[in-house]
**Student:** 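Please read through the structure below; I'll follow up with questions.
So that the names make sense, note that chain A is the first sequence line, chain B the second, and so on, each numbered from 1.
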Amino acid sequence: MNDTPTGTDAAADGAGQDFIREIIRTDIASGKHAAPVTRFPPEPNGYLHIGHAKSICLNFGVAEEFGGRCHLRFDDTNPTREEQEFIDAIERDVRWLGFDWGDHLHHASDYFEQLYAWAEHLIRNGKAYVDDQSAEEMRQNRGTLTEGGTESPHRSRSVEENLDLFHRMRAGEFPNGTRVLRAKIDMASGNINLRDPTLYRILHASHPRTGDAWCVYPTYDYAHGQSDAIEGITHSLCTLEFESHRPLYDWLLDNLPVPSKPRQYEFARLNLTHTVLSKRVLTTLVRDGHVTGWDDPRMPTLAGLQRRGVPAAALKDFIKRIGMARANSLVDMAMFDFSIRDLLNKTAIRRMGVLRPLKVVIENYPEGQIEELEAINNPEDPEAGSRTIRFSRELWIEQDDFMEDAPKKFYRLTVGQEVRLRYAYYVTCTGMVKDDAGNVVELRCTYDPATKGGDSPDGRKVRGTMHWLSAVDAVPVEVRLYDHLFASPTPGSEGDIFDDINPNSLEVLTGALVEPALAAGNDPEPVQFERLGYFCRDKDSAPGRPVFNRTVGLRDSWAKQQKKG
RNA sequence: UGGGGCGUAGCCAAGCGGUAAGGCAGCGGUUUUUGGUACCGCCAUUCGCAGGUUCGAUCCCUGCCGCCCCAGCCA
């Protein structure tokens with residue numbers, strides 16, 4: 001499926017229109033390429049996050065739309081920071097998003113031998129040299145943003161000497177940091193990336209794939225474009241910060257006998273409010289225990305989002321909505337929440353769950369009686385059918401659904417007010433029971449037997465409909481409510497980013513209750529707890545102790561109204 | 001003060017010389033056995049600013065202003 005670009009144009013549909021797709025369309029129309037070949041090139045030094053999802057959806061999406069293919073290529077050129085755990089996680093996460101790289105799982109390390117041979121080619125052509133300067137000396141001689149650099153005293157070594165030194169670098173004769181191979185370009189260039197950039201450095205480190213076969217490793221700049229060329233990549237899509245590297249990318253391709261000439265195009269990376277997509281910060285959050293791991297549901301990692309219950313389709317919808325452009329932007333997290341709700345509303349079954357239970361006794365309901373009632377599984381999807389729920393004299397409702405001193409706009413339960421218990425009966429609150437501390441611990445209500453199912457034959461209306469559970473079969477579960485990981489919409493914008501961590505990003509509810517089939521794991525997921533939000537079972541669930549994560553809450557115009565005062 | 005980019009509504013984002021799409025958020029309303037969903041309406045006389053070219057400029061030109069990236073042997 002993901003091979004042999006045929007050029008079948010599948011992009012005529014509603015697939016997003018952006019400058020990248022426009023370029024590809026033009027290249028196909030002109031006959032420059034039959035179909036695009038792209039690649040997603042992660043460095044395995046951390047977990048993939050929602051920012052990577054933008055790149056993944058672009059690269060794989062464009063390949064699908066235009067009948068091309070997309071490779072998964074690990075940019076594993078720095079063994080000092082890359083790990084097998086990350087390699088495995090990355091493959092898992094890309095698959096979770098629903099993309100398939102077919103036979104095209106590649107690694108920059110697959111090309112180490114070829115890359116090395118090409119480095120010798122540059123040396124032979126007088127385009128690269130071995131520099132003995134220390135990192136510090138190189139830095140000082142690189143010049144500044146406004147002044148050119150100083151040429152290395154080793155810049156004009158003979159081809160023979162360079163070749164010999166480079167061979168000995170590979171042979172392991174020199175310790176880390178003592179020599180590098182540099183391209184000989186232009187120390188006076190206004191573009192600092194062209195001031196004789198480093199191509200190879202000595203790293204006596206074991207590589208996850210090549211083991212101890214090498215002690216010299218190519219830099220990103222040297223490896224990336226050549227890897228693209230080897231794989232026949234047509235459009236090498238990356239983020240804006242690589243823009244000033246493009247002249248170097250092209251210089252290398254122009255000076256090497258590569259089999260193809262890929263082109264690099266840049267797009268703006270994703271930024272989201274209330275979170276952070278910096279690998280450095282994410283790594284620190286995990287390392288210092290601010291979260292429970294890379295897959296903590298509060299993390300913007302794909303693993304975290306997955307665990308929180310975000311469907312891959314919702315993530316893809318979000319990526320499509322935000323578009324693809326070259327302007328730096330900060331996307332409102334509310335936009336992501338919208339995509340999640342939009343999808344879950346159509347797909348999640350409805351169940352009743354009570355987060356903070358308040359006991360209700362229906363005084364005129366016969367003790368010991370139990371009635372079965374029909375409840376719809378998903379009003380947005382008739383195919384989802386219905387289920388049977390049980391009603392009894394003692395019930396649980398949400399504490400938030402009762403107010404002792406209620407404002408007139410409060411449509412829920414208060415003494416003297418009638419409400420509907422969803423799919424059951426109209427009930428009227430007749431009184432409450434308080435404990436010694438004055439807390440309301442129980443409500444007394446009466447029900448109208450004529451309203452069974454939730455409709456009144458006399459046509460009288462109630463303003464509020466509430467979710468509830470029968471005390472005879474409600475099952476206790478743990479519920480974890482998540483909020484933004486960072487309280488500030490722009491974490492770190494003023495001061496230490498770790499000071500912006502939201503202390504209330506996780507709230508654990510141990511006394512929550514749900515319908516029995518759900519607790520038993522017999523119901524499909526995801527699930528909407530009616531009137532509350534979307535939830536999914538967490539992997540921490542143990543037999544007899546289910547744990548549910550709130551993926552996202554429902555829109556709550558009552559809460560909004562309250563906040564306005 | 002070098003090089004490379006980017007500025008369209010609170011936030012994303014179309015627009016490619018013919019008179020400002022769409023989405024999110026917000027506001028108002030209709031429907032509703034979820035204060036959910038769905039639906040309807042409102043929300044840029046103006047495109048960073050100033051000039052110029054043109055019958056006509058968000059779009060072309062010039063000059064400013066603002067923001068982002070680059071001085072790793074990270075990617």
Side-chain angles (χ1 to χ4, degrees), chain A residues 17-18 22 41-43 45 75 77-78 80-82 131 133-135 138-140 142-149 176-182 188-195 197-203 216-217 219-221 223-224 238-247 266 268 273 279-280 318 320-339 341-342 345-346 350 352 375-376 379-380 409-412 420-424 426 451 453-455 461-467 489 528-533 553-561:
Chain A
Q17 186 60 44
D18 53 64
E22 201 170 305
E43 184 193 12
N45 67 342
D75 229 321
T77 57
N78 188 347
T80 64
R81 16 193 282 168
E82 295 155 8
D131 197 348
Q133 292 183 105
S134 66
M138 275 181 63
R139 188 177 66 74
Q140 276 168 357
R142 188 149 28 232
T144 67
L145 291 178
T146 53
E147 301 158 32
N176 289 355
T178 53
R179 284 182 172 77
V180 294
L181 181 74
R182 301 177 74 177
S189 174
N191 183 342
I192 291 173
N193 298 117
L194 260 21
R195 315 232 267 232
T198 298
L199 269 23
Y200 270 89
R201 71 284 216 195
I202 299 170
L203 250 30
V216 289
Y217 291 92
T219 56
Y220 163 86
D221 280 318
H224 205 90
C238 61
T239 44
L240 248 26
E241 65 267 30
F242 292 102
E243 186 159 25
S244 57
H245 292 239
R246 195 171 65 222
E266 311 85 17
T273 60
K279 231 183 244 186
R280 187 201 115 242
F318 168 68
K320 194 170 182 173
R321 279 172 192 278
I322 59 175
M324 189 68 62
R326 288 174 61 84
N328 294 315
S329 65
L330 176 63
V331 177
D332 193 332
M333 186 67 90
M335 213 159 159
F336 186 38
D337 291 342
F338 175 86
S339 286
R341 286 193 196 102
D342 193 44
N345 175 50
K346 297 166 191 151
R350 269 59 168 177
M352 293 206 267
I376 292 166
E380 306 297 321
K409 287 290 197 177
F410 187 76
Y411 303 149
R412 284 111 95 146
R420 170 167 43 232
L421 293 181
R422 191 146 157 90
Y423 301 126
Y426 282 15
T451 59
D455 275 312
K461 301 292 184 200
V462 289
R463 296 303 296 272
T465 299
M466 293 161 29
H467 61 279
Q528 178 196 109
F529 288 179
E530 296 228 23
R531 303 206 304 136
L532 298 174
L554 255 31
R555 280 185 60 194
D556 188 346
S557 57
W558 168 244
K560 196 181 295 176
Q561 198 176 316

**Student:** Sort out the partner of rG7(B) for me: Watson-Crick or G-U wobble, both distances under 3.5 Å, none otherwise.
**Tutor:** rC65(B)
**Student:** For nucleotides rC11(B) and rC16(B), find the distance between their P atoms and express it as a whole number of Å.
**Tutor:** 24 Å
**Student:** Does Arg555(A) reach a base, just sugar-phosphate, or nothing at all? Heavy atoms under 4.0 Å.
**Tutor:** sugar-phosphate
**Student:** For rA20(B) versus rC59(B), give the span between their C1' atoms, rounded off to a whole number of Å.
**Tutor:** 12 Å
**Student:** Taking any heavy-atom pair under 4.0 Å as a contact, classify Thr144(A): base, sugar-phosphate, or nothing.
**Tutor:** base
**Student:** For Gln140(A), report the nucleic acid contact type (base, sugar-phosphate, nothing); a contact means any heavy atom under 4.0 Å.
**Tutor:** nothing
**Student:** Across the strands shown, which category fits Arg246(A) at heavy-atom distances under 4.0 angstrom: base, sugar-phosphate, nothing?
**Tutor:** nothing
**Student:** So what does Phe410(A) hit on the nucleic acid, given a heavy-atom distance under 4.0 Å: a base, only sugar-phosphate, or nothing?
**Tutor:** base
**Student:** With rounding to the closest Å, how many angstrom separate the P atoms on rG26(B) and rC64(B)?
**Tutor:** 42 Å
**Student:** Does rG35(B) pair with anything, Watson-Crick or G-U wobble, both distances under 3.5 Å, and if so, with which nucleotide?
**Tutor:** none
**Student:** With a non-hydrogen cut-off below 4.0 angstrom, is Glu243(A) in contact with a base, only sugar-phosphate, or nothing?
**Tutor:** sugar-phosphate
**Student:** Which nucleotide, if any, forms a Watson-Crick or G-U wobble pair with rU46(B), using both distances under 3.5 Å?
**Tutor:** none
**Student:** Within the structure, does a side-chain N or O atom of Lys560(A) lie under 4.0 Å from either OP1 or OP2 of rG26(B)?
**Tutor:** yes
**Student:** Record whether the side chain of Glu380(A) comes under 3.5 Å of the base of rG36(B) through a donor-acceptor pair of N or O atoms.
**Tutor:** yes
**Student:** Does Tyr220(A) stack onto the base of rA75(B), taking stacking as ring centres under 5.5 Å apart and planes under 30° apart?
**Tutor:** no
**Student:** Output yes when Asp342(A) and Lys346(A) qualify as a salt bridge under the 4.0 Å nitrogen-oxygen rule, no when they do not.
**Tutor:** yes
**Student:** Tell me whether rG72(B) sits syn or anti, counting syn as a glycosidic angle within 90° of 0.
**Tutor:** syn
**Student:** With heavy atoms under 4.0 Å as the rule, sort Ser134(A) into base, sugar-phosphate or nothing.
**Tutor:** base
**Student:** For rC73(B), does either OP1 or OP2 sit under 4.0 Å from a side-chain N or O belonging to Arg142(A)?
**Tutor:** yes
**Student:** Which is true for His245(A) with a 4.0 Å heavy-atom rule: it touches a base, it touches only sugar-phosphate, or it touches nothing?
**Tutor:** base
**Student:** How is Met138(A) classified with respect to the nucleic acid when contacts are heavy atoms under 4.0 Å: base, sugar-phosphate, or nothing?
**Tutor:** base
**Student:** Using OP1 and OP2 only, check whether a side-chain N or O of Arg321(A) sits under 4.0 Å from rG23(B).
**Tutor:** no
**Student:** Which part of the nucleic acid does Arg81(A) contact within heavy-atom distance under 4.0 Å: base, sugar-phosphate only, or nothing?
**Tutor:** base
**Student:** Could you check how far CZ of Arg341(A) sits from P of rA38(B), rounded to whole Å?
**Tutor:** 11 Å
**Student:** When rounded to the nearest Å, what value does the distance between C1' atoms of rA21(B) and rU31(B) take?
**Tutor:** 28 Å
**Student:** Taking any heavy-atom pair under 4.0 Å as a contact, classify Leu330(A): base, sugar-phosphate, or nothing.
**Tutor:** sugar-phosphate
**Student:** Can you tell me the distance, in whole Å, between the CZ atom of Arg412(A) and the P atom of rG35(B)?
**Tutor:** 7 Å
**Student:** When the C1' atoms of rG7(B) and rA75(B) are considered, how many whole Å apart are they?
**Tutor:** 28 Å
**Student:** Answer with base, sugar-phosphate or nothing: what part of the nucleic acid does Ala334(A) contact at a heavy-atom distance below 4.0 Å?
**Tutor:** sugar-phosphate
**Student:** Respond yes when some side-chain nitrogen or oxygen of Ser329(A) is under 4.0 Å from OP1 or OP2 of rC11(B), and no when none is.
**Tutor:** no
**Student:** How is Lys346(A) classified with respect to the nucleic acid when contacts are heavy atoms under 4.0 Å: base, sugar-phosphate, or nothing?
**Tutor:** nothing
**Student:** Can a side chain N or O of Asn191(A) be found less than 4.0 Å away from OP1 or OP2 on rG4(B)?
**Tutor:** no
**Student:** Please determine whether any donor N or O and acceptor N or O are separated by less than 3.5 Å between the side chain of Glu82(A) and the base of rC74(B).
**Tutor:** no
**Student:** Is Phe338(A) touching bases, backbone alone, or none of the nucleic acid, heavy atoms closer than 4.0 Å?
**Tutor:** sugar-phosphate
